[in-house]
Amino acid sequence: MKIQGAKKVHYDSGPNMTPLVDVVMVILIFLMLAGSFVSAEHFLVSNLPVVQSGAGGEQLPPGFIPDEPIDIRVDNNPTTGVMVATTGKIQTSDPAALTQQLRAMRVKLNATGKSDDKLQVKIGPAKNVKYKDLVAVYEAALNAGYKKVAFATSH
Amino acid sequence: MRRHRMPDVKEGNVNVTPLIDIVMCLIIFFMLVAKIGIDTGADQAIVIPTSFQGLAIQDMGNTLTLNVRAVAGSDQPMVSALVGGVVEELKLVDPVTGHKPLLATLKNFRLGKDLKQGGANENADNPEFKVIIRGDESMGYQFLEPVLITCAEARVKNVNFNTKRATQ
């Protein structure tokens, strides 16, 4: 007795690709789900100041000309609790206004021959100032075009 | 006796070759681009501040991420980091022994095993060593300051503050 169906099998149809496609699709989906591509986080880079009183705390080499310091004092308003940054002659809670003031100071210092590489912003916060407010002040200094920004410490 | 007839094998008409080509290209792309299984020890539970400015650090191999949190009722922060494959708490000063685990760890990374400047091989200095501070946005500066001072004592010059990208 003949089995009729066996005659109709086609052997020229090539290898069965279905398992390969299945496996490849699983790998693809895994990589798409597990991979982290563009991170939502980044970093504010600080090269700590080369001053004995600052967080860098290094001994100054002989003949070293220290950078021109631009101090920003950051406090909390005792009544409202809002951050207040003081630099030069202004006192503000608005990072945009602080940026403007710092930019004006930078332009003035550039005009006296101090290049941006020789300017150093030192942020001196009070103990209870929140970290997020410090980051806002830090960012204001970066927006004003300063290359060296760091936190001062009391030691 | 009546036999069941075997079903006919139908030849597939869909050409899957272009599909496989594209999928293979995608897999190679994802394998090259994706960062899978890289653990920096960053504590994702910490709410970090947002900023518009910021840079990406391409090489995380020569960095140490310090998770810094405020501790209620204390003026000392809780600092943790991935050391030796395990996230462990690094106290500024151990109240029992008086040791400074955070300083010792930072010095180990920055100055080598001898914890002193100079030396070769395992005692060699690592001036490019970077510290990433992942601090809670609501903590006060009194918790951040001792960490910065410790970094300074360990002669770590490059300190980076981890922030979230702010959206408009």
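Per chain, numbering begins at 1; letters A, B, ... match sequence-line order. Computed over heavy atoms, backbone and side chain alike; hydrogens, waters and symmetry mates excluded.
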Against chain B, label [X] side chain, backbone, both or neither, depending on which of its atoms sit under 4.5 Å from a heavy atom there.
| X | answer |
| --- | --- |
| V135(A) | side chain |
| A136(A) | neither |
| L134(A) | side chain |
| N76(A) | neither |

Worksheet item: Is the centre of the F151(A) ring less than 6.0 Å from the centre of the Y138(A) ring?
Response: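 Yes - the distance between ring centres of F151(A) and Y138(A) falls below the 6.0 Å cut-off.
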
Give, as side chain, backbone, both or neither, the part of [X] having an atom under 4.5 angstrom from any heavy atom of chain A.
| X | result |
| --- | --- |
| T50(B) | backbone |
| I133(B) | both |
| I20(B) | side chain |

If you tally heavy-atom pairs under 4.5 Å against chain A, which of [options] wins?
| options | value |
| --- | --- |
| N162(B), L26(B), I48(B) | N162(B) |
| M24(B), R134(B), M31(B) | R134(B) |
| V23(B), L19(B), V47(B) | V23(B) |
| L144(B), D136(B), V68(B) | D136(B) |

Worksheet item: Counting only heavy atoms not in K130(B), do more than 12 fall under 6.0 Å of its NZ?
Response: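 Check passes, neighbour count above 12.
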
Practice prompt. Inspect the surroundings of CD in E88(B) and state if more than 12 heavy atoms from other residues, nucleotides or ligands are less than 6.0 Å away.
Written response: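 Enclosed: over 12 neighbouring heavy atoms sit under 6.0 Å from CD of E88(B).
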
List the atom pairs, donor and acceptor, that lie under 3.5 Å between side-chain atoms in residues 89-98 of chain B and the rest of the protein, sequence neighbours left out.
unit_1, atom_1, unit_2, atom_2, d
E89(B), OE2, K91(B), NZ, 3.4
D94(B), OD1, V96(B), N, 2.9
T97(B), OG1, H99(B), N, 3.2

Worksheet item: Under the side chain to side chain donor-acceptor pair (under 3.5 Å) rule, what pairs show up with a residue in residues 22-35 of chain A, not counting sequence neighbours?
Response: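 Counting only pairs at least two positions apart or across chains, no side chain to side chain donor-acceptor pair (under 3.5 Å) contact touches residues 22-35 of chain A.
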
Worksheet entry | Closest approach of G41(B) to V87(B) (non-hydrogen atoms, all atoms of both residues) |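 Heavy atoms of G41(B) and V87(B) come nearest at CA-CG2, 4.1 Å.
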
Worksheet item: Do N77(A) and D75(A) have side-chain N/O donor and acceptor atoms under 3.5 Å apart?
Response: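 Note: N77(A) and D75(A) side chains miss the donor-acceptor criterion.
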
Practice prompt. Please round to the nearest 0.5 Å and tell me the distance separating atom CD of E68(A) and atom CZ of R106(A).
Written response: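 Spacing of CD (E68(A)) from CZ (R106(A)) equals 14.0 Å.
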
